Amino acid sequence: MFSPTYLLSSSSLYVLLVLLSCFYGGFSSAPTKIGKGYRLISAEETPDGGFLGHLQVKQKNNIYGPDIPLLQLYVKHETEDRLRVHITDAEKQRWEVPYNLLPREQPPALKQTIGRSRKNPLTVSELAGSELIFSFIADPFSFAVKRKSNGQTLFNSSSGGSDSFGEMVFKDQYLEISTQLPKDASLYGLGENTQPHGIKLDPNDPYTLYTTDVSAINLNTDLYGSHPVYMDLRNVGGQPFAHAVLLLNSNGMDVFYRGNSLTYKIIGGVFDFYFFSGPTPLGFVDQYTSFIGRPAPMPYWSLGFHQCRWGYHNLSVVEDVVENYRKAQIPLDVIWNDDDHMDGHKDFTLNPVNYPRPKLLAFLDKIHSRGMKYIVIIDPGIGVNSSYGVYQRGIANDVFIKYDGEPYLAQVWPGAVNFPDFLNPNTVAWWGDEVRRFHELVPVDGLWIDMNEASNFCSGKCTIPKGKQCPSGTGPGWICCLDCKNITKTRWDDPPYKINASGLQIPIGFKTIATSAVHYNGVLEYDAHSLYGFSQAIATHKALQGLEGKRPFILSRSTYVGSGKYAAHWTGDNKGTWEDLKYSITTVLNFGMFGVPMVGADICGFYPAPTEELCNRWIEVGAFYPFSRDHANYYSPRQELYQWKTVTKSAQNALGMRYKLLPYLYTLNYLAHTSGAPIARPLFFSFPAYKECYGLSTQFLLGSSLMVSPVLEKGKTSVKALFPPGSWYSLFDLTQTIVSKGQYFTLDAPLHVINVHLYQNTILPMQQGGMISKEARMTPFTLIVTFPAGASEAQAKGNLYLDNDELPEMKLGNGYSTHVDLYATLKQGLVKIWSEVQEGKFALDKGWKIEKITVLGLSGSVDTSGLEINGSPVANGASNIELTSVEQMHLQDVEDGVGKKKSLTVSLSGLNLYVGQKFDMSMKMGVQG
């Protein structure tokens, strides 16, 4: 939802630029060094094979507060490919991300007595695992992580006497540590922010992590989520090596990336580093999501198209929207309500006038019978209202965050609100009960949790004003009308080090919950702030799963490490501009690496108003976001896709292809859930050795081999796209082929055209599409098999996962799922295509069939007499099977040293192959003409 309070005006942007030049101007000069660091004073091996040491501060100082004199160091190779380095106060428990929110191994308990010296103090030592080696220098203490296979240093906190950075600092409210980096390392991650330079991190750009309701149009600013993880991709002699570093810390932080070093400056918590060895990008996300939680399984319908708007004033408007999509023949699976359905903006309520329950239930019966779904928004702030049952029960169960012993008072859309404390088990139970009560009132199919950074229209300690209505009911609802006083009396509200919050070093309690407010068990908001949306997602997931045992769908604006296990994400309040369209690709790709693969941006922009041309181009991109939704602001003109005839055509084209690709997208959802693999990926995920694509942010892959190359500029009718080496086939016209040596091609892209290409060595499962996923899902299958154009020997493979998508778990072995591996080979003029099926009964019961197989890239002609299916020859004219071949058009001719090769598209239609039953077929190719 729109929060204009947090947008930066043009004058503010000027101030921001001045401040940033001051704040980050030091990047080119030597950074300030604080203290002399620590020395290792004891070390021992732990029973679990780890390493336990103690560090003593070398020289105390009071910059940003007193040093913590004694630290505990714990190091362990937790798996073959994951190393943990944990550093905390040796004498006093410190705040860490709660172990019940993000389950993981506990470090050893703090010791009561610690040996302060050793007869033989260590100077250099190491601890080797299967893939990684941890080594350290005792005085001043520093540590390094190396790759075992080639000795490459991945992380090194020693400055080596250079001016790049100082020694490790560990104070109560200021922690600092750095690593050396090679200049040619390509870094990705450290979000959430809008990165104008693209997906590859840019040295000297600010990277601040602190969950904040600030519009995504603000560049290089801490946005809604906090993901303190980065991936480092290096190319050594043509060999790619990727690894990743997670600093599991929820406190606010600045990360300074200078190109040859990276420095963390954190305002609390501990150093809890996790190193993931890769060595491929896919290997990293597999290892990372194995630790933080695999991405949530999504229901099939969630991969369809979604329509939303803040400002659907009554039910009849929503009904018209659904009907107009049908008339326009644009696919639509899910209709959403922002808070228009609520009674006075209050959660879990219905407006009795504009959304009367009997009529809403009749509408839901109608769309549910078609297979459509309905989702509504839920904000965390609970309206303070003595006649409001949700609030009454919240007070009775003591579920709210406290300040001075009373529920902390804030303001959001209902006016005065209290915020539930999702770290409190009572709150989780209460929230689940409120979700249940609301679902009995309105059978929604998912929940959208917004404003959960948490957003507050006021700051400080507030009271409800006497003698005036707040809000007044006229004018913008986001103007603070409570009586408030700034809170600066504690070091939690005014910490000694100021992170670059909102790009302006604003107080960390500005327009959010006061950072000295208290959660369950005395936890400070100061520490837990960036976990708010994450903890709400966990509670909401538990609530929805407990309703009917169905697979939940949750969309969350605020996210943290591990949020993808519970929720999808959208990129927040963007703008209807060409720049925002371009930025959206980078953010979507980042979240795939963060373990939140179900992600998309508001198609056509949230505000103020897209041009017709922009909306054409945006739906062409958005149709291939993992999460595809058109959403607009209350104050924007209507922008449903049917509002323009040209956009209608582009939507029919792009979404028409998306709906044919639903079985592929759903299989990618399964792969994400089982291995962490992003649905939308940067090109370097499939081509990690190809350095030219390391910074590419204007194209992306769906899965490993489907490449989207959109138009992202006004007035363009062509697009210059990078094609990694190999054969690529146009998905919209399979006869169009590009054979690349690793180069750019200029592609025609008139207004209604989006270029999508399928890579060689792939088998792509598709269906025939439809206006709704429920119908599209029951249409016959087509397999697209791609060989390198004109190859004499080749192979291809693919897979397909099918299940009952209402079941909470997405897995084989429950009797309601089928997995198919697809294979093809080309050798000595013989094409073989076959499948291997696991648990075929579910697919057989559904009656799914493969009706058509198309093979691309073949040379020569097809010998129709040589066709065999399941070991039996298929005689000409004796079956319904029809074989056709078409010569492919090459954007660049293929050469083989003798002459130019030709390649064919060969299609077999009229097949009757059950998806749930393994098959094999072969056909002979004649001599090339």
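We're numbering straight along the sequence, starting at 1. These values consider heavy atoms only, across backbone and side chains, with no hydrogens, waters or symmetry-generated copies. Computed from a predicted model, the values in this text were never measured in an experiment.
Residues R777 and Q767 approach most closely at O-NE2, 2.7 Å, considering heavy atoms. What you find for M298 and Y666 is that their closest heavy atoms are O-CE1, 3.4 Å. The minimum heavy-atom distance between W578 and V711, with the atom names listed, is CZ3-O, 4.4 Å. Contact between L332 and F305 at its shortest, heavy atoms only, is CD1-O, 3.6 Å. Scanning all heavy atoms of the two residues, the minimum distance from L701 to G703 falls at CB-O, 3.4 Å. The two residues P637 and P608 have their closest heavy-atom pair at CD-O, 3.3 Å.
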Test log, rule side chain to side chain contact (heavy atoms under 4.5 Å, CB included), inputs S697 and I585: CA-CA 7 Å; S697 307; I585 295 174; 5.5 Å; no

Verdict with supporting geometry, H752 and S650, side-chain hydrogen bond (donor to acceptor under 3.5 Å, both in side chains): CA-CA 5 Å; H752 305 302; S650 292; 2.9 Å; yes

Test log, rule side chain to side chain contact (heavy atoms under 4.5 Å, CB included), inputs Y325 and L641: CA-CA 8 Å; Y325 267 95; L641 301 178; 3.5 Å; yes

Salt bridge (Lys or Arg N to Asp or Glu O under 4.0 Å) between R617 and E620, intermediate numbers included: CA-CA 5 Å; R617 294 307 191 187; E620 290 170 359; 3.0 Å; yes

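Ring-centre distance between H631 and W448: below the 6.0 Å cut-off. Ring centers of F745 and W728: at least 6.0 Å apart, outside the cut-off. Y257 has its ring centre no less than 6.0 Å from the ring centre of Y230. Taking the six-membered ring wherever Trp is involved, the centroid distance between the rings of Y759 and F687 falls below 6.0 Å.
Checking each of D748, V708, L747 against N755 for a side chain to side chain contact (heavy atoms under 4.5 Å, CB included) leaves exactly one that passes, namely L747. The side-chain hydrogen bond (donor to acceptor under 3.5 Å, both in side chains) test with T559 is passed by exactly one of E192, H227, H569: H227. Residue Q307 is tested with Y312, Y642, W336 for a side-chain hydrogen bond (donor to acceptor under 3.5 Å, both in side chains); the sole match is Y312.
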